J.: 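Starting off with a structure, shown below.
Quick caveat, the model's predicted, so the values are computed rather than measured. Order of the sequence lines fixes the chain letters, A, B, ..., with proteins taken first and strands second; residue numbering starts at 1 for each chain.
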There are 2 protein chains.
Amino acid sequence: MTVTIEDIARHIGVHPSTVSRAMNGSPRVSESRRQQVLAAAESLGYRANIMSRGLLGKRTDTFGIIAPKLDDLHAISLINAQEAFFREMGCVTILTITNCEEQAELKAIDNLISRAVDGLVMNYVSMYASVKAKLIECAQRIPIVRIGGNSQGVLDEVDVDFNKWSCAVVNHLIEYGHRRIAMIVDSIDYEDGEGHNTKLAGYRKSLSLHNIEYNPALVFSVHYLHQNIKHLMQQIMSLKERPTAIFAYSDDLAGGLIKALTTAGYKVPEDVSVVGFNDDWFADRLAVSLTTCRLPANEIGRGAAELLIRRRKNRTLPPVRRMYECQVVIRDSTARHSDTAG
Amino acid sequence: MTVTIEDIARHIGVHPSTVSRAMNGSPRVSESRRQQVLAAAESLGYRANIMSRGLLGKRTDTFGIIAPKLDDLHAISLINAQEAFFREMGCVTILTITNCEEQAELKAIDNLISRAVDGLVMNYVSMYASVKAKLIECAQRIPIVRIGGNSQGVLDEVDVDFNKWSCAVVNHLIEYGHRRIAMIVDSIDYEDGEGHNTKLAGYRKSLSLHNIEYNPALVFSVHYLHQNIKHLMQQIMSLKERPTAIFAYSDDLAGGLIKALTTAGYKVPEDVSVVGFNDDWFADRLAVSLTTCRLPANEIGRGAAELLIRRRKNRTLPPVRRMYECQVVIRDSTARHSDTAG
DNA sequence: CTGTTAGCGCGTTCAG
DNA sequence: CTGAACGCGCTAACAG
């Protein structure tokens, strides 16, 4: 059934270990033997059993990707870029989705390790301290790269300064004359329990820079899995002090919000400006093209995968932390407050 | 480093095989021993090495997903549904993307098998005979489910009648008074070399039903990877006999097309009607909400995964072929031809 | 009920 | 340059 190293050894009348050496490019095999072995392997349709390789602690050319979800374009872009890079390197990807659940994340890490992956990339892990600790512990066994998080130089990391870019987005709104700006945050905010590098922090920073008082009543927390956008929209628009602009933590959410708003008879941006985050590919195709902040998702994902491969080669490199820049993209979903009826 | 079955055996002073039995729920272990073993495993942080399990030909609780691409929402929906189902069953997913390349597909199958997956699902494989043959061969070793393809009762399959639903979409256009209808087909059409179950076949069928002559000059073949939508749009709109409606094989493409059309100054649907296929979630949020055909992507993906798990349980079941129904969804991107300037 | 032995496929010692 | 033997972690058959 399965053709093994032994089959091909028998086929050409040598010992299995000779075959093994030939396949692995050992110098202690005559070139003619090697060719003979390779030919036989080819003709018999031999394919190395990765299980046994893994059992021996050798490379499996398998990488693990842990991601929070698979129903948002930004997460998908990252996975896409990572998978593509691994594939280009001749490697295979094991994908694990965790829904940001602590137990799922912990289990995923163990699981991947027990599958002898050559390394793993953790995409926007949630902020659980247990997960962070486990990652740091496991990083001694296998290469680990994390996206979104700050371990202070312990882990290889790739990140974006959400604080800075979120601030930039809100700056844009304020420059447009808005002062009552609602914000929708993800109830599971990533990493950094102290909240330094979060979109909310950037929002507050921008307000503070412009001497606008922070009003918690304007901040809405949403769990991405259970978001009822229509209800959220109603909550926001029925505030006594109705905001003139809304900053949604993702384009996905912003798109849904615009849809809900227009369905309810509001006009964007005339009645209310809306900004998103990510610049997912549909952002400029929406009914109202979206003002947002462009994250270089492809570069980020690829960068993470690259870092992993690099560390697989050399385990002794000092940890690196690579930051990516973003860009505010102004489109039709925001307008000057003076221009509006507001 | 790694805690093995032997560590826990030594820890409580029994033989490793006893530990193995306890873990696997063998009846030939005293309940007290089992509890003792389980407790020790827990406390030592034991996690079964899946490599060795695989080497023994046992279940690995790992499933392979082979998919053509990861940058189109429909493909992603399928993967999402499959991964979620496998995860619910306590299993892990190995994802392989092939870009519809023959060698990549063949290699992916071998690769997954050498990783001892418990089964694999092939999403919309391309039509290469070699791949089909290999799938049929491998189906004797491990459970395989295919989406989109017809092996005449040899493989487990899940599919949609593209011919039928594509015809329904074109019927809608014709009922709206269109007679010059362009079609954009995927240059890599899935499976079925004879072209029975393709969107193009449905298009031709509808024309034929309405006594409209088929005009090959109205059919444009696009490779999803290299699509230059603007150029394609220009090609179509500069035809001497300009079509009054365009049927694009996917919502993704239709969205891009609408964007290109409006950018170039054309109005949709006034100047030209556009329909897509799939009803991806953004279809009703586009600048012009999209008339399309809704595929139950989630049910399809889940159904495939379910079938796989089912077959893992019982290898002797006769192959099944499960078809899913679609639904034409009429929105704003199509208008009656008599209503337009024509 | 539990210990012993053998072996899954491969890579890496050691001998020759 | 090549063959023989051992072991990765685990399960299954066979003893006791």
J.: So which atom in C138(A) and which in I109(A) form the shortest heavy-atom distance, rounded to 0.1 Å?
T.: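 Heavy atoms only, the tightest pair is SG-CG2, 3.9 Å.
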J.: Report yes or no: does R87(A) contribute a side-chain atom to a donor-acceptor pair with the main-chain N or O of I97(B) at less than 3.5 Å?
T.: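 Checked: pair present.
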J.: Send over the distance from R34(A) CZ to dT2(D) C1', rounded to a whole Å.
T.: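 The answer, rounded to whole Å, is 13 Å.
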J.: Ignoring hydrogens and angles, tell me if any N or O in the side chain of D118(B) forms a donor-acceptor pair with the backbone of F63(B) under 3.5 Å.
T.: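 Absent.
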J.: Roughly how many Å is it from CZ in R10(B) to C1' in dG3(C), rounded to a whole number?
T.: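 So the CZ-C1' distance, R10(B) to dG3(C), works out to 16 Å.
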J.: In degrees rounded to 10°, what angle is found between the helical axes fit to the five outermost pairs at each end of the helix from dC1(C)-dG16(D) to dG16(C)-dC1(D)?
T.: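 About 50° separates the two local helix axes.
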J.: Has the side chain of N150(A) got a donor or acceptor atom that lies under 3.5 Å from a matching backbone atom of Q152(A)?
T.: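 Side chain of N150(A) to backbone of Q152(A), a donor-acceptor pair under 3.5 Å: yes, one is there.
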J.: Starting from C1' on dT2(D), measure out to CD on Q36(A) and report it in whole angstrom.
T.: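 To the nearest whole Å, that distance equals 13 Å.
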J.: Is D159(A) salt-bridged to R321(A), cutoff N-O under 4.0 Å?
T.: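 Yes.
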J.: Looking only at side-chain N and O atoms, does N314(A) offer a donor or acceptor that is under 3.5 Å from a partner on T316(A)?
T.: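 Checked: T316(A)/N314(A) side chains pair up, N/O donor to acceptor below 3.5 Å.
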J.: Whether the side chain of E102(B) engages the backbone of Y128(B) through a donor-acceptor N/O pair (distance < 3.5 Å, no angle test) should be reported.
T.: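 No, because the side chain of E102(B) does not come within donor-acceptor range (under 3.5 Å) of the backbone of Y128(B).
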J.: Report the distance from atom CZ of R33(B) to atom C1' of dT2(C), rounded to the nearest whole Å.
T.: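 In whole Å, dT2(C) C1' lies 8 Å from R33(B) CZ.
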J.: Taking R312(A) for its side chain and L307(A) for its backbone only, find out whether a donor-acceptor pair lies under 3.5 Å.
T.: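 Pair absent, no side-chain N/O of R312(A) close to backbone of L307(A).
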J.: Generate the contact string for nucleotides 9-16 of chain D. Rules: B means base contact, S means sugar-phosphate contact only, - means no protein heavy atom under 4.0 Å.
T.: BBBBBB--
J.: Does T18(B) have a side-chain nitrogen or oxygen under 4.0 Å from the phosphate oxygens OP1 or OP2 of dG3(C)?
T.: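 Checking T18(B) against dG3(C): at least one side-chain N or O falls below 4.0 Å of OP1 or OP2.
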